[in-house]
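First comes the structure, then the notes that go with it.
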Amino acid sequence: MQQETTTITSTCIPICIDNCNTDLIIPARYLAATTRDPLFFGEAFMRDLRYDADGQPRPDFVLNRPPFAERPRDGVNQIIVAGRNWGSGSSREHAAWAIAGYGIRAVVSSSIADIHRNNLLNCFVVPVIVSEAFRQELLTTIEARPATLVSIDLEAQTIANSGTNSRETFAINGYKKYCLMHGIDDIDFLLQSLKTHQLPQTEL
Amino acid sequence: MGKTLFDKIWDAHVVQDIADGPTQLYIDRLYLHEVTTPQAFDTIRAKGCGVLRPRQCFAMSDHNTPSRPGGEGSVEQMEALRRNCEAFGISHYGAGSADNGIIHVVGPEKGLSLPGMTIVCGDSHTSTHGAVGAIAMGIGTSEVAQVLASQCILQPKPRTMRITIDGHLGPGVTAKDVALYIMARMTTGGATGYAVEYAGEVVRSMSMEGRLTLSNLSIEMGSRAGIIAPDATTLAYLRGREHAPQGADWERAAARWLELRSDDDAMFDKEVSFRGEDIGPRITYGTNPGAGIAIDGTIPTPDGMTAAEGQQLMAQLKYMQFSPGQRLTGMPVDYVFLGACTNGRIEDFRAFASIVAGRHKAPNVTAWLVPGSWAVRRQIEAEGLDKVLAAAGFEVRMPSCSACLAMNADKVPSGKLCLSTSNRNFVGRQGPGARTMLASPLTVAAAAVTGVVTDPRTLLPHT
């Protein structure tokens with residue numbers, strides 16, 4: 001789970017659903033789990049959009065259409081280009097577990113909901129916020145040529161669309177960048193901080 | 001330059017500002033429920049670090065608890081919470097116990113959520129507690145583990161937005177309608193990145209229950225936190241509650257809390273204003289809480305929208321089986337749901353009862369009335385509302401999150417239409433294929449007795 005990330009170069013899966021909430025990313029019935037098995041959560045990723053009530057794949061959904069149906073592996077389908085306001089709604093980190101469990105390493109959108117964005121970071125999936133124009137161009141490029149490679153360079157904070165040679169920088173704070181690049185958990189940082197910082201008392 | 005209320009509380013809890021990074025923020029209260037915590041306890045076990053300040057943590061099952069005997073969801077999860085709390089010395093209000101209920105109803109009710117605090121929970125509706133004048137935010141499970149281990153979280157400071165609602169609300173218009181109106185105007189992602197303060201005459205005039213409803217829905221426009229400055233209403237609500245300070249401590253705390261407000265010259269990153277007179281009873285027609293209209297209005301048409309917006313609208317209407325330009329009044333409903341952390345408080349049951357008193361449940365409607373806590377249920381009985389409701393053909397169930405997210409047995413069947421006081425009308429939220437419209441307890445009550453979507457103003461008791 002705690003993988004070190006420097007660059008990700010991969011083809012992308014376009015999931016063009018605006019306001020795609022975390023209930024859609026993982027339906028509530030999968031929240032009954034008490035463990036964090038990546039295989040289980042990967043199977044639950046966008047379950048009700050991928051499969052109908054009888055468990056049959058919905059052929060029209062992007063994750064069931066070649067070449068996007070191929071499970072992510074090095075250089076293939078490891079990046080989601082998402083709709084606007086991705087991950088809104090419930091705070092369930094299970095949504096980030098499902099994304100990571102499926103094999104996704106970065107989510108690109110012009111807006112990602114605050115809580116989900118933090119959850120992605122804590123699951124070592126890189127949230128990349130780009131301009132709406134860059135996102136639209138990416139979607140157009142991928143539609144015309146699904147084999148288009150997109151490169152995310154975490155150190156330089158850049159994302160490049162090889163189909164158009166356009167490139168944009170994205171924001172990520174230096175602390176989180178360091179954590180992602182070195183596979184460091186916030187909890188380790190916080191436990192360390194207790195040795196040097198005095199916490200207040202809650203008065204009441 | 002002055003400070004906002006949010007800034008004041010935030011600044012008082014900063015442990016350190018990490019250079020080119022987030023703030024390490026001290027947390028006064030951690031609330032735990034059964035769904036988003038088992039993996040967090042596993043994490044602290046794996047780290048071998050234990051729980052730093054267990055007395056500041058309070059836990060209860062709510063998502064899986066049954067609203068009728070035998071209707072529970074995952075017993076394994078509820079048991080895991082009980083075991084974890086026992087192992088780490090955390091107060092736990094188990095399913096069915098007198099203190100149990102939905103965490104966002106119980107926290108304020110027991111005086112656990114107090115002005116000036118920082119409060120977090122692995123649940124996006126933690127924003128509810130901001131109504132008492134606290135910074136209250138939903139977090140993920142990794143962050144729950146962080147707070148268990150260190151009583152801190154790492155958060156970039158959000159920008160601040162003030163939403164001022166001046167004027168007055170008309171009869172039959174509730175805090176829920178105000179929230180649904182704001183959501184429709186702001187859109188479902190319009191407050192992403194912001195902490196919102198609610199202000200203005202309409203908010204000042206709201207009861208504490210109403211304010212909790214308003215803050216609760218902040219996340220539905222993307223804001224993690226919705227805060228309201230403490231005032232006489234806040235103090236009157238909190239005074240004498242189990243965990244509120246008592247005696248001389250109360251006097252000191254109350255004086256301090258009344259100082260907690262945005263300075264007159266405080267600058268917000270964004271200011272938005274609405275008028276109470278512009279807000280009527282609301283109802284949603286789509287699959288996000290921002291997709292709402294006045295109850296006597298019509299569903300939008302794609303005319304004048306961009307192609308993408310039009311497609312999004314039509315996709316929502318296809319799922320809801322509605323048409324552009326359609327009116328919702330007169331539409332038969334199959335289910336009504338009164339409850340959830342949004343509208344499961346005593347005032348919501350009083351409102352519902354005021355409409356159904358002397359009338360009878362429509363035969364085509366299945367009604368689920370689920371109090372937000374056992375304390376609310378006891379209050380319903382103490383006020384005799386249960387008898388009023390029973391005479392009208394309604395049963396008051398046991399406290400649970402229930403049909404808000406369908407983790408227990410209360411699932412709306414596929415294709416059925418539910419008018420609900422809960423907070424989310426997402427695709428499949430109340431059960432796979434279920435169609436949800438959100439509205440206030442008054443509007444839900446009106447449909448419960450007429451069997452169709454009805455403007456509650458036509459059924460209000462004469463005053």
Side-chain angles (χ1 to χ4, degrees), chain A residues 16-19 21-24 27-29 31-36 48-49 53 83-85 88-97 111-119 121-123 173-179 185-191 193-194 196-204, chain B residues 13 15-16 18-22 24 26 28 35-36 38-39 42-43 47 49 52 56 64 73-74 76-77 80 114 117 122-124 138-143 145-146 149-152 154 156 158 188-189 192-193 219 222 224 245 253 288 308 312 405-407 414 424 426-429 432-433:
Chain A
C16 310
I17 305 170
D18 284 352
N19 304 315
N21 58 64
T22 53
D23 278 69
L24 284 177
R29 61 185 182 280
L31 272 50
T34 54
T35 59
R36 212 180 139 164
D48 290 345
L49 294 171
R84 292 170 294 183
N85 195 27
S88 55
S90 162
S91 61
R92 59 187 69 170
E93 190 168 311
H94 312 66
W97 300 342
S111 61
I112 299 177
D114 292 337
I115 302 177
H116 182 63
R117 185 165 179 271
N118 264 2
N119 288 340
L121 285 167
N122 282 327
C123 295
N173 68 57
Y175 165 82
K176 261 299 167 192
K177 185 160 97 176
Y178 186 85
C179 287
D185 249 331
D186 282 351
I187 195 167
D188 295 328
F189 176 91
L190 286 166
L191 286 169
S193 79
L194 297 181
T196 50
H197 288 76
Q198 185 86 34
L199 295 187
Q201 290 293 330
T202 292
E203 284 181 48
L204 302 165
Chain B
H13 288 81
V15 175
Q16 61 170 324
I18 300 164
D20 190 17
Q24 181 177 348
Y26 177 68
D28 293 306
V35 180
T36 58
Q39 296 89 347
D42 286 349
T43 299
K47 297 282 178 189
C49 58
L52 187 69
Q56 289 171 223
N64 285 287
S74 171
E76 185 192 354
Q77 256 180 355
L114 295 170
M117 280 186 167
D123 193 288
S124 61
I139 56 175
T141 297
S142 294
E143 292 168 310
Q146 292 160 25
S150 72
Q151 206 59 36
C152 292
L154 295 172
T188 186
T192 299
I219 186 65
R224 301 180 71 167
N288 72 67
Q312 299 275 344
L405 84 169
M407 281 193 76
S414 184
R424 289 184 174 140
F426 295 162
V427 168
R429 173 79 177 184

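Note: hydrogens, waters and symmetry copies are ignored here, and every other heavy atom, side chains too, is used. First the proteins, then the strands, lettered A, B, ... as listed; each starts at 1.
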Which region of B:Ser124, side chain (C-beta onward) or backbone (N, CA, C, O), has a non-hydrogen atom less than 4.5 Å from a non-hydrogen atom of chain A, or is it both or neither?
both
Has the side chain of A:Asp114 got a donor or acceptor atom that lies under 3.5 Å from a matching backbone atom of B:Thr192?
no
Roughly how far, to the nearest 0.5 Å, is CD of B:Gln56 from CD of A:Gln201?
7.0 Å
What residue in A:Arg29, A:Arg84, A:His94 has the most heavy-atom pairs under 4.5 Å with chain B?
A:His94
Let me know if A:Tyr178 has heavy atoms under 4.5 Å from chain B in its side chain, its backbone, both or neither.
neither
Please identify, among A:Ala33, A:Ala113, A:Ala96, A:Ala53, the residue contributing the most non-hydrogen atom pairs under 4.5 Å to chain B.
A:Ala33
Contacting region of B:Cys152 [heavy-atom separation from chain A under 4.5 Å]:
both
Heavy-atom contact with chain B under 4.5 Å, split by part of A:His116:
neither
Quick check on A:Asn119 against chain B: is it the side chain, the backbone, both or neither that has a heavy atom closer than 4.5 Å?
side chain
Of the listed residues (B:Pro156, B:Ser74, B:Ser150), which shares the most heavy-atom pairs with chain A below a 4.5 Å separation?
B:Ser150
Using non-hydrogen atoms and a 4.5 Å limit, figure out which bit of B:Pro158 sits close to chain A: side chain, backbone, both or neither.
neither
How close do B:Arg429 and A:Asp23 get, counting heavy atoms only, and between which atoms?
NH1-OD1, 3.0 Å
Ignoring hydrogens and geometry beyond distance, is a side-chain donor-acceptor pair present between A:Ser193 and B:Gln16 at under 3.5 Å?
no
So, the part of A:Leu199 with a heavy atom under 4.5 Å from chain B: the answer is both
So which part of A:Ala28 gets closer than 4.5 Å to some heavy atom of chain B, the side chain, the backbone, both or neither?
both
Which atoms of B:Ala149 are under 4.5 Å from chain A, going by heavy atoms: the side chain, the backbone, both sets, or neither?
both
B:Ala19, B:Ala406, B:Pro22: which one forms the most heavy-atom pairs within less than 4.5 Å of chain A?
B:Pro22
Please classify the contact of A:Leu31 with chain B as side chain, backbone, both or neither, using a heavy-atom distance under 4.5 Å.
both
Side-chain touch B:Lys47/A:Asp185, heavy atoms, less than 4.5 angstrom:
yes
Rounding to 0.5 Å, atoms CD (B:Glu143) and CG (A:Leu121) come to a distance of 9.5 Å
Heavy-atom contact with chain B under 4.5 Å, split by part of A:Ser111
neither
Atom group of B:Gln24 that falls short of 4.5 Å from chain A, counting heavy atoms:
side chain
Region of B:Thr43 that comes under 4.5 Å of a non-hydrogen atom in chain A:
side chain
Under a 4.5 Å heavy-atom cutoff, which of B:Thr36, B:Ile139, B:Asp42 has the most pairs with chain A?
B:Ile139
Residue, of A:Leu194, A:Asn21, A:Ile17, that accumulates the most heavy atom pairs under 4.5 Å with chain B:
A:Asn21
Side chain to side chain, A:Asn122 and B:Gln146, heavy atoms closer than 4.5 Å
yes
Chain B contact via A:Pro200 - which portion, at a heavy-atom distance below 4.5 Å
both
Engaged part of B:Ile18 at the chain A interface, taking heavy atoms whose separation is under 4.5 Å:
side chain
Only counting residues at least two apart or in another chain, list the ones meeting side chain to side chain contact (heavy atoms under 4.5 Å, CB included) with B:Thr188.
A:Asn19, A:Asn85, B:Asn288, B:Pro289
Answer with side chain, backbone, both or neither: which region of A:Asp186 has an atom nearer than 4.5 Å to a non-hydrogen atom of chain B?
both
May I ask you to test the B:Val427-A:Asp48 pair for a side-chain heavy-atom distance under 4.5 Å?
no
Only counting residues at least two apart or in another chain, list the ones meeting side chain to side chain contact (heavy atoms under 4.5 Å, CB included) with A:Arg117.
A:Ile112, A:Pro127, A:Ile129
If you count heavy-atom pairs within less than 4.5 Å of chain A, which of B:Gly21, B:Ser142, B:Gly73, B:Gly189 leads?
B:Ser142
